[in-house]
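Below is one structure, written out as structure tokens; the observations come after it.
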2 protein chains.
Amino acid sequence: MSDADDGLRARLVRVGVDLLARDGMQALTLREIARQAGVSHGAPRRYFPTHVELLSAIAREGFADLGAAIHKVLRDRRRDPRARLVTLARRYLEFARTNPGMFELMFRHDLLESNRLGLREGSLPLFTALVDLVEQARPVSGAPPQRVAAALWANLHGIALLWGWGSLQLATGDRDVEPLLRTALEAHLGPGKR
Amino acid sequence: MSDADDGLRARLVRVGVDLLARDGMQALTLREIARQAGVSHGAPRRYFPTHVELLSAIAREGFADLGAAIHKVLRDRRRDPRARLVTLARRYLEFARTNPGMFELMFRHDLLESNRLGLREGSLPLFTALVDLVEQARPVSGAPPQRVAAALWANLHGIALLWGWGSLQLATGDRDVEPLLRTALEAHLGPGKR
DNA sequence: CCGACGGAGTAGACACCGTCTACTGCGCTC
DNA sequence: GAGCGCAGTAGACGGTGTCTACTCCGTCGG
């Protein structure tokens with residue numbers, strides 16, 4: 001009951017998310033989504049005038065998931081800033097690992113309407129929160145915290161990407177990302193608590 | 001003379017590289033390349049059985065260029081390791097900035113034959129050279145140099161990517177990558193000469 | 001000298017894609 | 001109960017990558 005009848009719009013997005021998780025990006029055609037949703041290939045057009053808008057709606061789901069996972073860590077005041085940054089980073093990499101298709105879509109700039117999409121509006125406050133956290137976690141440094149946060153974010157993203165297609169495991173010889181992650185974090189935040 | 005008659009194979013690759021630089025990834029269809037080369041859409045098939053193989057040949061050109069730019073820096077023994085790492089990083093980012101289409105293609109894993117392509121065979125020795133350089137440049141640390149090198153590489157790549165589509169300039173407020181690059185390098189290699 | 005052969009490129013078909021448009025139901029309102 | 005409007009259908013269009021049948025033309029063997 002909750003499965004079929006909540007409007008075609010939502011169903012299309014849901015089908016898209018599932019299809020993406022199951023068969024990856026290359027299966028995520030407009031016509032295939034419509035097929036899986038049991039409607040004709042012209043039906044999506046009423047809700048998503050263009051393929052890009054449908055993909056963007058699907059990606060928005062991914063951003064929401066990732067944002068939720070991260071925001072939860074950001075606002076957890078019980079643990080010290082550094083520990084929160086570590087788990088935040090871990091969540092990011094884990095998201096990329098467990099949702100490879102979604103992660104790919106989310107940053108396939110050419111397939112998304114780069115405006116809205118909660119990438120400007122939704123992730124900028126998230127970034128400023130990251131800046132705060134970095135500022136708290138890193139006692140003192142020459143560089144402004146925004147730059148450190150940006151460098152850290154880029155590092156995280158790069159690791160997620162390169163690890164995702166296997167380049168880094170044979171470069172490092174590691175089987176798990178964790179050591180590399182620790183190395184990167186220590187680089188940006190200074191040595192651990194001790 | 002050197003322009004037209006060096007075989008269709010080479011011409012297709014050359015046309016592809018130009019087209020990619022001029023009109024970006026989305027213009028790089030098999031048929032368009034054939035059109036620009038002045039042959040029928042079936043002609044490329046004799047030399048590149050599949051679109052993926054043609055794209056891979058084009059990307060290989062990019063890897064060669066990037067590799068040449070980087071290798072030159074790696075083997076320049078006149079400057080100290082740290083300075084070499086800085087220019088290496090700068091070259092990487094500059095390549096991404098000046099050849100955005102090629103850079104995109106080179107890491108569009110889904111469009112390339114992920115084997116050969118000089119990404120395994122060609123860039124692994126390049127990576128070990130990077131490891132050496134890191135080892136020389138960084139006096140002492142807990143993490144093995146391979147991990148540090150991997151983290152650095154990922155950081156570089158992430159910066160190139162995120163900067164490329166404008167996410168980082170409004171996060172940092174910077175107009176140039178250089179400060180961010182310095183921050184990242186200092187993070188991974190320790191504070192400057194001093 | 002000339003006929004057969006083979007490689008290089010052509011041209012058309014196929015299935016699939018995203019978009020557009022004319023159309024059909026069907027429920028709802030006046 | 002008649003009309004209207006919206007949701008979804010179905011087919012066309014131009015584009016794509018792949019496949020295949022074909023033509024052309026240079027080269028080689030007799």
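A, B, ... follow the sequence lines: proteins, then strands. Residue 1 opens every chain. Every heavy atom of this structure was used, including side-chain atoms; hydrogens, water molecules and symmetry mates were not.
- Summarising the geometry, the separation between NE2 on B:His51 and P on C:dC16 is reported as 20 Å, rounded to the nearest angstrom.
- Neither OP1 nor OP2 of D:dG17 sits under 4.0 Å from any side-chain N or O of B:Thr50.
- For C:dC17, the OP1/OP2 oxygens have a side-chain nitrogen or oxygen of A:Arg35 closer than 4.0 Å.
- Side chain of A:Arg84 to backbone of A:Arg79: a donor-acceptor contact under 3.5 angstrom is found.
- When rounded to the nearest whole Å, the span between CD1 of A:Ile33 and C1' of D:dG8 equals 17 Å.
- For B:Arg91 (side chain) and B:Ala69 (main-chain N/O), a donor-acceptor pair under 3.5 Å exists by modelled atom type.
- The base of C:dG18 sits with one of its N or O atoms less than 3.5 Å from a complementary donor or acceptor on the side chain of A:Arg31.
- Residue B:Arg46 contributes atom CZ, which lies 13 Å from atom C1' of D:dA21 at whole-angstrom precision.
- A donor-acceptor pair under 3.5 Å links the side-chain atoms of B:Arg11 to the main chain of B:Ala37, judged by distance alone.
- Summarising the geometry, the separation between CG on B:Leu12 and P on D:dG17 is reported as 13 Å, rounded to the nearest angstrom.
- With hydrogens and angles ignored, a donor-acceptor pair under 3.5 angstrom links the side chain of A:His41 to the base of D:dG11.
- To the nearest angstrom, C1' of C:dG18 lies 13 Å from CD of A:Glu53.
- Although no hydrogens or angles enter the test, the distance criterion places a donor-acceptor pair under 3.5 Å between the side chain of B:Thr29 and the main chain of B:Glu32.
- Among the protein residues, A:Tyr47 comes within range of the sugar-phosphate backbone only, with heavy atoms under 4.0 Å from sugar or phosphate atoms but none that close to a base.
- Across the protein-nucleic acid pair, A:Leu19 atom CG and C:dC17 atom C1' stand 15 Å apart, rounded to whole Å.
- Distance B:Glu32 CD to D:dG17 C1': 14 Å, rounded to the nearest Å.
- Put simply, the side chain of A:Asn155 gets close to the backbone of B:Ala151: a donor and an acceptor are under 3.5 Å apart.
- Whole-Å rounding puts the A:Leu30 CG to C:dC16 C1' distance at 13 Å.
- Note on A:Thr29: only backbone sugar-phosphate atoms sit closer than 4.0 angstrom, heavy atoms only; bases stay farther off.
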